[in-house]
Amino acid sequence: MTPDQAFVEAQKTSPKLLCPSFDPLPDLRELTVPGLWVLGEQDWIVPVGTTTHKLDTLRREGKPYEYRKVPEVGHLLYGNSEPVDDEINSWLSRVTMQ
């Protein structure tokens, strides 16, 4: 089972894991600042597939949004954080120098 499939199943079976029904697209469409999402591929709290699909939709609409998927980590991005830190620093340097 993928993390996205686990998320869907958890929403069906465990009231403690239910997330509020919230669609971020209207709010994200209003923003004009660049955004970077760093997503753990094993995250079962934030469904990575759904999130990247929505971000791809916004990118096609011209929004300055990017995402990076980090393999083999979950929601808190535990593990080797150096590549994550390097990616964030690189992105910040690029978008703040524009």
Side-chain angles (χ1 to χ4, degrees):
M1 180 178 297
T2 69
D4 283 327
Q5 290 168 328
F7 178 84
V8 169
E9 289 305 312
Q11 301 314 299
K12 293 178 189 175
T13 59
S14 177
K16 293 184 284 187
L17 297 175
L18 288 175
C19 294
S21 177
F22 174 71
D23 183 2
L25 286 178
D27 294 323
L28 293 173
R29 282 189 172 109
E30 295 296 318
L31 295 175
T32 58
V33 296
L36 173 67
W37 281 254
V38 180
L39 305 162
E41 287 187 342
Q42 301 302 313
D43 192 337
W44 59 273
I45 297 171
V46 174
V48 177
T50 302
T51 301
T52 57
H53 175 74
K54 288 183 180 198
L55 290 170
D56 287 337
T57 298
L58 292 165
R59 289 169 49 93
R60 283 190 298 276
E61 294 173 7
K63 290 297 179 182
Y65 298 151
E66 299 177 46
Y67 59 85
R68 305 293 184 272
K69 293 191 266 183
V70 183
E72 300 178 12
V73 297
H75 187 74
L76 298 177
L77 303 174
Y78 283 145
N80 184 0
S81 67
E82 188 173 326
V84 174
D85 295 343
D86 290 346
E87 185 67 41
I88 292 169
N89 289 332
S90 173
W91 181 84
L92 283 169
S93 293
R94 187 169 37 79
V95 299
T96 58
M97 299 306 258
Q98 295 178 352

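Predicted model only: the values in this text are computed from it and were never measured.
No donor-acceptor pair under 3.5 Å is formed between the side chain of S90 and the backbone N or O of D86.
To the nearest 0.5 Å, the span separating CD on E41 from CD on E72 amounts to 8.5 Å. Atom OG1 of T51 sits about 9.5 Å away from atom CH2 of W37, to the nearest 0.5 Å. With rounding to the nearest 0.5 Å, the separation of OH in Y67 from CG in L39 is 8.5 Å.
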Please table the atom pairs, donor to acceptor, closer than 3.5 Å between any side-chain atom in residues 57-66 and protein atoms at least two apart or in another chain.
{"unit_1": "T57", "atom_1": "OG1", "unit_2": "H53", "atom_2": "O", "d": "3.1"}
{"unit_1": "T57", "atom_1": "OG1", "unit_2": "R60", "atom_2": "NH2", "d": "3.3"}
{"unit_1": "R59", "atom_1": "NH1", "unit_2": "Y65", "atom_2": "O", "d": "2.6"}
{"unit_1": "E61", "atom_1": "OE1", "unit_2": "R29", "atom_2": "NE", "d": "2.9"}
{"unit_1": "E61", "atom_1": "OE2", "unit_2": "R29", "atom_2": "NE", "d": "3.4"}
{"unit_1": "E61", "atom_1": "OE2", "unit_2": "R29", "atom_2": "NH2", "d": "2.8"}
{"unit_1": "K63", "atom_1": "NZ", "unit_2": "R29", "atom_2": "O", "d": "2.7"}
{"unit_1": "K63", "atom_1": "NZ", "unit_2": "L31", "atom_2": "O", "d": "2.6"}
{"unit_1": "Y65", "atom_1": "OH", "unit_2": "L28", "atom_2": "O", "d": "2.6"}
{"unit_1": "E66", "atom_1": "OE1", "unit_2": "R68", "atom_2": "NH1", "d": "3.2"}
{"unit_1": "E66", "atom_1": "OE1", "unit_2": "R68", "atom_2": "NH2", "d": "2.7"}
{"unit_1": "E66", "atom_1": "OE1", "unit_2": "R94", "atom_2": "NH2", "d": "2.9"}
{"unit_1": "E66", "atom_1": "OE2", "unit_2": "W91", "atom_2": "NE1", "d": "3.2"}
{"unit_1": "E66", "atom_1": "OE2", "unit_2": "R94", "atom_2": "NH1", "d": "3.1"}
{"unit_1": "E66", "atom_1": "OE2", "unit_2": "R94", "atom_2": "NH2", "d": "3.2"}

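For T50, the side chain to side chain contact (heavy atoms under 4.5 Å, CB included) partners two or more places apart in sequence, or in a different chain, are P47, K54.
Counting only heavy atoms from C-beta outward, the side chains of E87 and V38 never approach each other to under 4.5 Å.
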